[in-house]
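Reminder, nothing fancy here: chain letters follow the sequence lines and each chain counts from 1.
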Amino acid sequence: MTDQYDPKTIEARWQARWEADGLYRIREDPSRPKFYFVTMYPYPSGDLHIGHWYAMTPSDAKARYVRMRGYNVLFPIGFDAFGLPAENAAIQHGTHPYKWTMANIERMRGQLRSMGAMFDWSREIVTCRPDYYTWNQWFFLKFYEAGLAYRAMAAVDWCPHDNTTLAREQVVGAERVCERCGTPVIKKDLEQWFFRITRYAEELLDFTKMDWPERVQTLQRNWIGRSEGTEVVYTSEQGDPITVFTTRPDTLFGATFLVLAPEHPLVEKLTSPEHCAEVAAYVHRARRQSEIERLAEDREKTGVFIGAYARHPLTNGRIPIYIGDYVLLTYGTGAIHAVPAHDSRDFVFAHRYRLPVPVVIAPPDWDGKPLRDAYIGEGIMVNSGPFDGLSSDEGRRRVTEALVRAGRGRPAVTYRLRDWLISRQRYWGTPIPIIYCSRCGAVPVPYDDLPVLLPEDAEFLPTGESPLRRDARFRRTTCPRCGGAAERETDTMDTFVDSSWYQYRYLSPHDTARPFDPAQGRSWLPVDQYTGGIEHAVLHLMYTRFFTKAMRDLGLVSLDEPMLRLFNQGIILGPDGHRMSKSRGNVVNPDDYVGAMGTDVVRIYLMFVGPWDGGGPWNPKGIEGVNRFLHRVWQLVLDARPSGPAAGPEVGAEVRRVTHQTLKRVTEDLEGFRFNTAVAALMECTNALSKLREAGAARSADWPAAMRLLILMLAPLTPHLAEELWQRLGQPYSVHQQPWPEWDPRAVREETITLVLQVNGRVRDRVMVPAGLDAAHLRDVALASDKVRKFIDGKSVEDVIVVPGKLVNVVVR
RNA sequence: GCGGGCGUGGCGGAAUCCGGCAGACGCACCAGGCUUAGGACCUGGUGGACCGCAGGGUCCAUGGGGGUUCAAAUCCCUCCGCCCGCACCA
């Protein structure tokens, strides 16, 4: 009898040994190809929960597999340590965000180590430390110099609960709530800092230089929202050009009025004196309305005539000008021409204000009568002067050409993407390195003065104003340009700035001279494999692409994209099928399971539950299955009792076949992140070997090699168990430095196959035949089968389809 | 409204890319063994209906309907249901 599998003991022992040996400390090694593997770093919220394990342990398994494939794998870890929860928790618990964060990090370090992952801890980063965030400030200054960072007054999204502005990406859903706390967001006019991500809108649409999931590409593409169309220039009767954007220039002759956004700069100038009061009231209401909860917003299209007219660029027709809050200042040109017959919103508006609705695209089967609804499809142009009879497609081109010739328009592209608002009126973030001088204006902090340190003793209760603003010692400074009294910017940066470039900092986390060492960059970049949740599809994953492109244009890297391959794992739900949350009380603590059954069990169970991108509910029962499996592996490998009769050579061949077939499957599955089927294959293999051992296989000369193969295949998935078994078989330390085995095509090959015999596509018989019989032979085998003959009896054989190695289908009539 | 995805046993899922034995692997369940007993463990069974004492056999079945094909969970069309993203975007 062997001793029992005791994960607690062996896991502690091997973790200590690996740590002592620096087994996972990575150095450059020109003799091996590099592989840079990054999994999204955690936010130090307190305890590592099962979701972290679900994200990280399969990543670790894949990284280990790649390492065994001969690559020099860099697999770092760090902490996304700035952000609101720290501040909120600190307020709640009467502690300091720094203390709270660092205590959490300390606890999570221990929990992360308990995963047995091959993180290279010597490269750990913590973003709330000055040695990290100083480089946020450095990037800010670089961006500022390049015109990629700018300050502007804008109506920004404001979360009244968190008391801070949000990036547009952080406002979610039709209800427009704060991504973090779910509070409905309001609008505020504030002077804020932006990163000019729109400069890269077009390039961000190009995904050809990497291999990212279709899903993420689609989300980003939708978010960027590219529209091709035409800019059309109308002219007010006072002579002001009024530019509108349309995707349907073929409907230009149907435009019967213009609508400007209430905030449009021309509104004040164009409004006639007798409409002034009404317009002012509407503008006021619109502005107020945007400050009221958006939930209450009705979808009615309202507007006000401003008493002014414009001239149509092609017909010179006289067109009334309205303002309406359904026109957004921030999209297109902030003004539209309304084509009520062919746009639903304009249709409603026109009916409400009794404006004409001329049809200029004939709907199919149109009877010439007024439309009951806007016809938004394409068709043949009518009532459009010289363009009558053209198709929409042709019309779009020709109308645009006519506008260009007349100097009244041009082809144009518009994006939905807005610049990235990075200012946050909170304490726990990177101070924005800008100084305001009454004489010199906004002055960047000189590089030599970095970092602008976050004062440790600031009062950080949220009041809606930046906490730093009330810290006079922080705020008051002198102008770096003129030396006069000046004030610091008191907003801090969005924490997504931190995560936009952290993969570069891992390369040289202790470099005090620059954000990262370019020599290290040349050895490791780009990230070969990135793993993390889909929830960052339009946030982090777009921001980091932007950062890399900006860094490229600043000459810091020679990459176009930061991460070549991306895999989005799913989310693991509570046992009740709901998202885990403290309030629901369904949070699964991995420590309980690790304590009871061991790390390796939890690791392999998370990989086994289903496809990694699927996620799903945690089933506490299911983990027993893999626990049994690991115990069975232990028994199989170590139980030396001779069992069964002495084996013939065919048993050895079968042992080889089973293990090499498994090796082939596991290799292919790990390549494709299909951990669940890899584990299933290993279970089948173990089951098969157990049976074979009963037939005497343990005495065969092929048995020891099979055991070694089994252990090597388990090494990425259950690193401790594999190391222990490897040692007990007397193999050299460490199993994690062994090359991944290659399967032997000869061993994999079956000598006999099960040939499926069908009649008219229905299975009627299965026969064992030697592998490699040719089609004619297989056909004869099929026609010789009694069961097949029973079904062709009395009918004529029309055809016999032979798929060598698989099946024969006899077609009868 | 626009865009994307998914529907397979009691459950998680496999086979879907590239058409070829549907239900791998595991959970749960049932029966048996072991045990004073329970648990653990081991062995076997387990989609449905029907026929047979039995060995076994027949039919049905991958959300519904249709199509292509010798052959469809897989490809195409259509409907239904669920999920996700965006949303007054001109």
Side-chain angles (χ1 to χ4, degrees), chain A residues 172-174 176 213-227 229-230 232 244-248 251 255 259 261 297-302 324-328 330-339 342-346 348-349 376 414-418 534-535 537-538 605 608-611 613-629 631-632 635 665 672 674 676-687 690 754-766 787 790 798-803 805-813:
Chain A
V172 296
R176 298 182 49 76
E214 242 353 281
R215 177 129 178 258
V216 173
Q217 295 185 30
T218 303
L219 286 169
Q220 293 202 355
R221 222 174 267 125
N222 289 349
W223 188 260
I224 293 165
R226 183 181 198 273
S227 287
T230 303
V232 184
V244 304
F245 174 75
T246 178
T247 53
R248 291 293 300 275
T251 64
V259 188
E297 183 196 12
D298 63 356
R299 302 252 153 170
E300 266 178 75
K301 305 286 171 280
T302 62
D325 61 8
Y326 76 98
V327 176
L328 309 174
T330 48
Y331 184 77
T333 62
I336 62 156
H337 70 192
V339 183
H342 306 294
D343 180 282
S344 329
R345 291 156 305 176
D346 298 344
V348 171
F349 193 94
I376 55 177
T414 295
Y415 302 91
R416 216 180 63 97
L417 182 72
R418 304 293 141 73
I534 187 80
E535 67 271 19
V538 291
Y605 179 54
F608 180 62
V609 280
D613 53 4
W618 171 264
N619 173 4
K621 275 282 186 190
I623 195 167
E624 291 296 344
V626 290
N627 191 33
R628 278 177 210 139
F629 166 61
H631 278 88
R632 273 200 290 265
Q635 283 296 323
R665 288 171 66 188
R674 292 182 296 270
N676 58 327
T677 46
V679 176
L682 285 163
M683 287 174 167
E684 282 182 65
C685 179
T686 308
N687 294 344
S690 296
T754 306
L755 185 69
V756 172
L757 304 182
Q758 298 181 330
V759 178
N760 284 354
R762 317 192 70 129
V763 179
R764 296 304 179 185
D765 199 4
R766 298 180 177 94
K787 289 175 184 164
K790 198 174 107 194
E798 299 283 311
D799 198 2
V800 179
I801 313 263
V802 180
V803 184
K806 276 203 176 136
L807 60 69
V808 179
N809 186 16
V810 181
V811 186
V812 298
R813 199 167 50 174

How would nucleotides 6-24 of chain B be written as a contact map, 5' to 3', with B for base contact, S for sugar-phosphate-only contact and - for no contact, using protein heavy atoms under 4.0 Å? ------BSS-----BB--B
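- In RNA chain B, runs of at least 3 consecutive Watson-Crick or G-U pairs, each pair with both distances below 3.5 Å, span B:1-7 with B:80-86, B:10-12 with B:25-27, B:29-33 with B:41-45, B:47-51 with B:56-60, B:63-67 with B:75-79.
- Using a 90° window around 0 for the glycosidic torsion, B:G13 falls outside it and is classed as anti.
- Taking the ring-ring contact (aromatic ring centres under 6.0 Å, His included) definition, one finds that A:H337 meets it with A:Y234, sequence neighbours left out.
- Nucleotides B:G9 and B:A73, compared at atom C1', are 14 Å apart to the nearest Å.
- The closest side-chain donor-acceptor pair between A:R762 and A:Q758, if any, does not fall under 3.5 angstrom.
- Here B:A90 presents its C1' atom at 15 Å from CG of A:D325, a figure rounded to the nearest Å.
- Listed nucleotides: B:A90, B:G3, B:C88. Nearest to the side chain of A:T218: B:G3.
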Identify each atom pair where a protein N or O and an N or O of nucleotides 82-84 of chain B are less than 3.5 Å apart, giving names and distance.
from: B:C84; atom 1: O2'; to: A:R215; atom 2: NH2; distance (Å): 3.4

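- Note: A:D765 CG to A:K790 NZ = 10.0 Å, rounded to the nearest 0.5 Å.
- A:E798 has its CD atom 12 Å from the P atom of B:A71, to the nearest Å.
- Whole-Å rounding puts the A:D343 CG to B:C88 P distance at 13 Å.
- Spacing between B:U46 and B:G26 at atom P, rounded to whole Å, works out to 14 Å.
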Take nucleotides 42-48 of chain B nucleotide by nucleotide from the 5' end and write B, S or -, depending on whether a protein heavy atom sits under 4.0 Å from the base, only from the sugar-phosphate, or from neither. S-S----
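- Contact between A:L682 and A:F629 at its shortest, heavy atoms only, is O-CE1, 3.7 Å.
- Residue A:L682 contributes atom CG, which lies 12 Å from atom P of B:G26 at whole-angstrom precision.
- The environment of A:I376 atom CD1 is sparse: at most 12 non-hydrogen atoms of other residues, nucleotides or ligands sit within 6.0 angstrom.
- Atoms CD and NE2, on A:E624 and A:H631 in that order, are 10.0 Å from each other to the nearest 0.5 Å.
- Using a 4.0 Å heavy-atom criterion, one finds that A:V244 contacts no nucleic acid atom at all.
- If you take atom P in B:G10 and the same atom in B:G67, they sit 28 Å apart, rounded to whole Å.
- Partners of A:F608 by ring-ring contact (aromatic ring centres under 6.0 Å, His included), not counting sequence neighbours: none found.
- Using atom C1' as the reference point in both B:G47 and B:C11, the two lie 14 Å apart (nearest Å).
- Residue A:D346 is out of contact with every strand shown, counting any heavy-atom pair closer than 4.0 Å.
- Here the shortest heavy-atom pairing between A:N760 and A:V812 reads OD1-N, 2.9 Å.
- Of the residues near RNA chain B, A:V811 and A:L328, the one whose nearest nucleotide (by heavy atom distance) lies more toward the 5' end is A:V811.
- Rounded to whole angstrom, the span from the CG atom of A:D765 across to the P atom of B:G56 amounts to 13 Å.
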Check the interface with nucleotides 57-63 of chain B: list each N/O to N/O pair with the protein under 3.5 Å, or write none.
from: B:G57; atom 1: OP1; to: A:K787; atom 2: NZ; distance (Å): 3.4
from: B:C59; atom 1: OP1; to: A:R764; atom 2: NH2; distance (Å): 3.2
from: B:C59; atom 1: OP2; to: A:R764; atom 2: NH1; distance (Å): 3.0
from: B:C60; atom 1: OP2; to: A:R762; atom 2: NH1; distance (Å): 3.4
from: B:C60; atom 1: OP2; to: A:R762; atom 2: NH2; distance (Å): 2.2

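- The CG atom of A:D343 lies 8.5 Å from the OG1 atom of A:T251; values are rounded to the nearest 0.5 Å.
- Distance A:E214 CD to B:G85 C1': 14 Å, rounded to the nearest Å.
- What separates CH2 of A:W223 from P of B:G3 is a distance of 18 Å, to the nearest Å.
- Residues passing the salt bridge (Lys or Arg N to Asp or Glu O under 4.0 Å) test with A:R416: none are found, sequence neighbours excluded.
- The side chain to side chain donor-acceptor pair (under 3.5 Å) check on A:E535 picks up nothing, with sequence neighbours excluded.
- Distances shorter than 4.0 Å separate some side-chain N or O of A:N687 from OP1 or OP2 on B:G26.
- For the C1' atoms, the distance from B:A14 to B:C25 is 8 Å, rounded to whole Å.
- A distance of 10.5 Å separates CG in A:L219 from CD in A:E214, rounded to the nearest 0.5 Å.
- Taking atom C1' on both nucleotides, B:U16 is separated from B:C75 by 11 Å, rounded to a whole Å.
- Heavy-atom distances to RNA chain B give each of A:V538 and A:G625 a nearest nucleotide, and the one nearer the 5′ end belongs to A:G625.
- Judged as a salt bridge (Lys or Arg N to Asp or Glu O under 4.0 Å), and not counting sequence neighbours, A:R764 has no contacts.
- Not counting sequence neighbours, A:S690 has no partner by the side chain to side chain donor-acceptor pair (under 3.5 Å) test.
- Note: A:W618 and A:Y605 meet the aromatic proximity criterion, with ring centroids under 6.0 Å apart.
- When the P atom is used for both B:C21 and B:A72, the distance is 11 Å, rounded to whole Å.
- Atoms CD (A:Q220) and P (B:G4) sit 16 Å apart, rounded to a whole Å.
- One distance of note links CD of A:Q220 with CZ of A:R215; it measures 12.5 Å at 0.5 Å rounding.
- Distance check on atom P: B:C17 versus B:C29 gives 36 Å, rounded to whole Å.
- Checked against ring-ring contact (aromatic ring centres under 6.0 Å, His included), A:F349 has the following partners two or more places apart in sequence or in another chain: A:F257, A:Y322, A:Y326, A:Y353.
- For the atom pair CG of A:D799 and CZ of A:R813, the computed distance is 11.5 Å after rounding to the nearest 0.5 Å.
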